[in-house]
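Down below is the structure, laid out as structure tokens.
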Amino acid sequence: MFYPGRMKPFPIPNRYMPKALNCNSRTQEYSQVADSISSGASSADARGLATGFANYSRCHVIIVFYLVAYLVAGLYTELVFAATTPIPDKLFEDFRYYARALTEALNGGDPYAIRAIGPAFLYPPPALFAVEMFNHIEPFLLRVSIYSVFNIALLLSVVYGVARYYNYSVARIWWWYVLCLGFAPFLELLHIGQINLITLFGLFVLFVGDHTSPLAAGLGLALATATKVTPLAYVPYLLANRKFKALGATIGFLALLVCVGALRYGLSPTLEYVDVFEGLLNQFVIDANSQSLVAKLAMLSSYPQLLDIISALPAALRTPITGTLGFLTFGVPVIQRALALYVLVVISTSCILTVLARQPKEPSFVVTGFAMMLAPNIMWYHHYVFILLPLLIWMGWRRLDGRVVAWSLFGLLIIQVDRYFPPYGLMIHIFGHVSMLSLLFWQVRHFDRVSRNVPRATDATS
């Protein structure tokens, strides 16, 4: 069985392992092939080095072919999206909505006057600072260009920062940059002028800063939370990893942002946001564009391909399947509450295991990242940019293990193509939940090994 999060090699024969995808070999070792042969080294040693060099070369050939397919799929997805939101009419569409809310707030009006999903501004009031930073830039195309370069710079900083954290050179993980810059949700984010990459950057600062700088980690989480409330899911992560100073810094910086936001945009929007967020929790968008799990399940009954398969089944099977589809369609609130409870249990279990077994911080961070992305009842395609940081950390922490790399590449390719092809986004959720549970399974196994290696109290006294 495949468990992407295991630390030790799987008990699977080597002949079945995708060695070509494991780029963890050292390039300088392969440069010794010619030197070894010319210096009279044994033929066995030379053959070994030559084999290693061949595996290393095959690895990069496979990755190049994969990246070509990956980029083609991502560009296709973006072009289909651009056909429905044409440029220049729909360019920066979301940013324009936020600019309207900013104008309302600066003029003493209500930035939350529009509550309908789509044209509404539904972020916390401090998020308006991110909009105001760029809204004054004229002309419009210059604003779009500068904001796009800003987002690209943030994403490049995240990739470089994770690589540096795990001591990888650019030459070693150059394909990470291609994966992130060619990611279809990121292209959509640039297209509509979303602010989610600022949130992602805040979570990156939290991850790299909690080890050396509690103030930086707290500022990162406060920035992420001020632009999108869901990063509060990382509070258990800080508690589990005993980052109490970072948690205190988060509270302090978040309070500061809220106060400054109230001074700049008025106290009324700050007080009103509690009602806005409560209303947001009770809204569900059920259509093909929505990417929430409940939307994907509810839309199953509208797929002709699935209905054709069901109609061909015997009545004894058709009846319960039809009833299940009906529940998925009309039981959305119940399913969403069950999903929220399940995600809460997963995060809590991951953090408890981190404490009990003194595990590294990466599993709980990655599990929380997947959970934060997959749990909301309102979710759009550009929200999948939040998967980039957990996958980069997972690959870096596992030292580019071939199986983790292959699994991550598989998931990213699914996201590139699954939006406009059956099952229209459901496979992305399946990948995310399998990844999250795989890491949780590793944590349980690790806890079990640690527990069995600890001597009992009676044995110690004897």
Side-chain angles (χ1 to χ4, degrees), residues 94-95 97-113 120-137 147 150-151 153-154 157-158 161 189 193-210 213-239 243-281 365 368-369 372 376 378 383 385-386 389:
D94 285 10
F95 193 94
Y97 297 146
Y98 306 156
R100 178 207 55 80
L102 173 65
T103 302
E104 288 288 337
L106 292 176
N107 292 333
D110 182 8
Y112 301 114
F121 172 79
L122 299 173
Y123 294 118
L128 290 173
F129 285 119
V131 181
E132 190 173 2
M133 284 172 55
F134 300 92
N135 193 53
H136 67 280
I137 301 175
Y147 187 73
F150 172 74
N151 278 274
L154 288 182
S157 299
V158 170
L189 179 148
Q194 263 289 337
I195 64 172
N196 286 327
L197 208 66
I198 298 175
T199 308
L200 179 71
F201 183 78
L203 294 176
F204 159 73
V205 174
L206 165 67
F207 177 77
V208 299
D210 65 13
S213 176
L215 285 177
L219 178 60
L221 184 54
L223 175 65
T225 305
T227 52
K228 196 175 186 70
V229 178
T230 50
L232 284 175
Y234 278 95
V235 170
Y237 159 82
L238 290 177
L239 294 174
K243 305 299 182 181
F244 304 116
K245 292 182 179 179
L247 180 58
T250 300
I251 297 173
F253 280 121
L254 191 56
L256 178 62
L257 287 172
V258 170
C259 292
V260 175
L263 291 174
R264 177 61 174 162
Y265 306 117
L267 183 60
S268 179
T270 302
L271 299 177
E272 186 182 0
Y273 187 71
V274 176
D275 181 64
V276 172
F277 187 70
E278 183 180 355
L280 189 61
L281 293 177
F365 189 95
T368 303
M372 184 199 81
I378 302 296
H383 289 162
V385 296
F386 292 121
L389 181 60

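Partners of F95 by ring pair (Phe, Tyr, Trp, His ring centres under 6.0 Å), not counting sequence neighbours, listed by chain and number: F92, Y147. Taking F150 as the reference, F134 meet the ring pair (Phe, Tyr, Trp, His ring centres under 6.0 Å) condition, with sequence neighbours excluded. Under the salt bridge (Lys or Arg N to Asp or Glu O under 4.0 Å) criterion, D110 pairs with no residue, sequence neighbours left out. Here Y112 pairs with F121, Y273 under the ring pair (Phe, Tyr, Trp, His ring centres under 6.0 Å) rule; sequence neighbours left out.
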Walk me through whether Y265 and E104 qualify under side chain to side chain donor-acceptor pair (under 3.5 Å).
CA-CA 9 Å; Y265 306 117; E104 288 288 337; over 6 Å; no
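To the nearest 0.5 Å, atoms CG (N151) and CG (L200) are separated by 10.0 Å. Distance check, rounded to the nearest 0.5 Å: CG of N135 to OG1 of T103 gives 6.0 Å.
Taking the six-membered ring where tryptophan is involved, the planes of F365 and Y234 are tilted, since the angle between them lies from 30° to 60°.
The aromatic ring centres of F201 and F204 sit less than 6.0 Å apart.
Considering all non-hydrogen atoms of both residues, V205 and A216 come closest at CG1-O, 3.2 Å. Here the closest non-hydrogen pair linking K243 and D210 is NZ-O, 3.2 Å.
Sequence neighbours left out, the pairs with a member in residues 250-267 that pass salt bridge (charged side-chain N to carboxylate O under 4.0 Å, His left out) are E132-R264.
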Which pairs would a plain distance check flag for residues 249-260, meaning a side-chain donor or acceptor within less than 3.5 Å of a matching protein atom at least two apart in sequence or in another chain?
| unit_1 | atom_1 | unit_2 | atom_2 | d |
| --- | --- | --- | --- | --- |
| T250 | OG1 | A246 | O | 2.8 |

